[in-house]
Amino acid sequence: MPGKVTRASAALLALGALAYTAWVLEVLVHTGLDPVRTYVSELAAEDQPLGAFFRATDLVAGVLILAGAVTGLLGTGRPTGTERPTRTGRLTGTGRLTGPGRPAGAGRPQEGGRSSGPRRPTSREPWALAGWIALAAFGAATVADSRLPLSCAATADPACAARESAGLVPATHTAHAVSSGLAMTAALVALVALTVAARRFDGRWPLARTGPALVAVELAATVWTLGAVAAFEAGNGTWALGAGQRLQVLLVAVWLAVLAYSLAVSQEER
């Protein structure tokens with residue numbers, strides 16, 4: 001079961017990361033929206049020519065990420081012995097410690113068939129547990145995002161912006177803002193928690209090596225995006241809002257791909 005869980009989670013998350021970057025197709029097709037100034041989610045607005053397509057890819061991405069996170073969560077337990085595992089232990093895709101992380105004599109029969117010591121009940125690694133739960137929440141919020149589309153693109157359409165300021169747009173605008181905020185908050189928690197979990201159990205993991213840099217740049221992109229949103233809502237321009245948010249979303253997808261690769265590699269090493 002653990003091996004199947006790892007492979008399934010890796011595959012689902014890799015596909016989810018791919019679907020989550022569907023917006024890069026705006027480089028190849030004409031959308032009418034300036035990628036430097038507009039929200040990524042405005043590509044999926046109801047008045048956009050490719051809105052239905054981008055809403056569908058958001059839905060697929062959310063479902064795949066949610067499924068991958070739940071699959072990973074199912075195996076996030078680790079056996080513990082009489083000693084605490086060391087930092088050199090390996091965290092498999094199921095969240096279990098293998099290799100040098102397990103005490104050398106833990107669980108091995110000694111003379112007379114007795115084990116080296118009593119085994120405590122299986123516990124859950126808190127960083128991994130929190131990370132998988134946050135990742136599942138991110139997937140669910142992304143699904144909600146796809147079902148709560150904007151009616152128009154406020155950053156590109158002055159009339160839409162005026163209606164939005166006057167409160168004359170559908171309630172889905174407010175609901176979309178809430179679901180988008182929840183999605184990115186959950187993504188940030190997942191990035192931090194699962195990166196910490198990877199570093200705690202095996203510094204050789206791709207996620208353990210590259211995760212901290214990805215998290216740092218993601219936080220910087222988030223600050224940029226939040227500042228640009230505040231400037232736009234105050235009527236002070238967009239501050240390249242679109243570029244900041246696209247960087248933010250792209251980094252989440254890259255991190256998901258690294259996580260999926262790490263899970264696949266850990267399974268091969270078992």
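As the structure is a computational prediction, the values presented were derived from the model and not from experiment. Quick note: numbers below take in every heavy atom, side chains included, and nothing from hydrogens, waters or symmetry partners.
- A heavy-atom distance below 4.5 Å is not found between the side chains of Leu256 and Val254.
- Side-chain atoms of Arg163 do not come within 3.5 Å of backbone N or O of Val169 as any donor-acceptor pair.
- Atom CG in Asp157 sits 12.0 Å away from atom OG1 in Thr38 (nearest 0.5 Å).
- Side-chain contact between Glu46 and Arg55 is present, with at least one heavy-atom pair separated by less than 4.5 Å.
- Under a 3.5 Å cut-off, the side chain of Gln245 and the backbone N or O of Val40 do form a donor-acceptor pair.
- Summarising the geometry of Ala61 relative to Gly16, their closest heavy-atom pair is CB-O, 3.8 Å, with the distance given to 0.1 Å.
- In this structure, CH2 in Trp255 is found 9.5 Å from CG in Leu214, a value given to the nearest 0.5 Å.
- Linking ILVMFWY residues whenever their side-chain heavy atoms come closer than 4.5 Å, directly or via other members, places Met184 and Leu194 in the same cluster.
- Val189 approaches Ala134 most closely through the heavy-atom pair CG1-CB, 3.6 Å.
- Using a 4.5 Å cut-off on side-chain heavy atoms (C-beta onward), Phe53 and Thr57 make contact.
- Atom CZ of Arg7 is separated from atom OG of Ser9 by 12.0 Å, given to the nearest 0.5 angstrom.
- Among residue pairs with one or both ends in residues 26-37, those qualifying as salt bridge (Lys or Arg N to Asp or Glu O under 4.0 Å) are Glu26-Arg246; sequence neighbours excluded.
- With rounding to the nearest 0.5 angstrom, the CG atom of Leu207 is 4.5 Å from the OG1 atom of Thr195.
- Between Ala153 and Ala45, the shortest heavy-atom distance links the atoms N-CB, 4.5 Å.
- Note that CG of Leu66 is 10.5 Å distant from CG of Leu13, once rounded to the nearest 0.5 Å.
- Using a 4.5 Å cut-off between side-chain heavy atoms of Ile, Leu, Val, Met, Phe, Trp and Tyr, with links allowed through other members, Leu33 and Phe232 fall into different hydrophobic clusters.
- The two residues Ala198 and Trp205 make their nearest non-hydrogen contact at CB-CE3, 3.5 Å.
- Donor-acceptor pairing under 3.5 Å is recorded for the side chains of Thr155 and Glu42.
- Minimum heavy-atom separation, Val215 to Val192: CG1-CG2, 3.9 Å.
- In this structure, CH2 on Trp224 lies 12.5 Å from CG on Leu226, to the nearest 0.5 angstrom.
- None of Asp58, Leu64, Val63 except one satisfies the side-chain contact (heavy atoms from CB on, under 4.5 Å) rule with Val60; the exception is Leu64.
- Here Arg200 pairs with Glu125 in a salt bridge; the nearest charged N to carboxylate O distance falls below 4.0 Å.
- Counted within 6.0 Å of CH2 on Trp23, heavy atoms from surrounding residues, nucleotides or ligands total more than 12; the atom is thus considered enclosed.
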Contacts table for residues 135-151: side-chain donor-acceptor under 3.5 angstrom, sequence neighbours left out:
residue, atom, partner, partner atom, Å
Thr142, OG1, Phe138, O, 2.8
Asp145, OD1, Ser179, OG, 2.4
Asp145, OD1, Ser180, N, 3.3
Asp145, OD1, Ser180, OG, 3.1
Asp145, OD2, Ser180, OG, 3.0
Ser146, OG, Val143, O, 2.6
Ser151, OG, His173, NE2, 2.8

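- Nearest heavy-atom pair across Gln248 and Glu218 is O-OE1, 2.9 Å.
- Side-chain contact between Leu12 and Ile65 is absent, with no heavy-atom pair separated by less than 4.5 Å.
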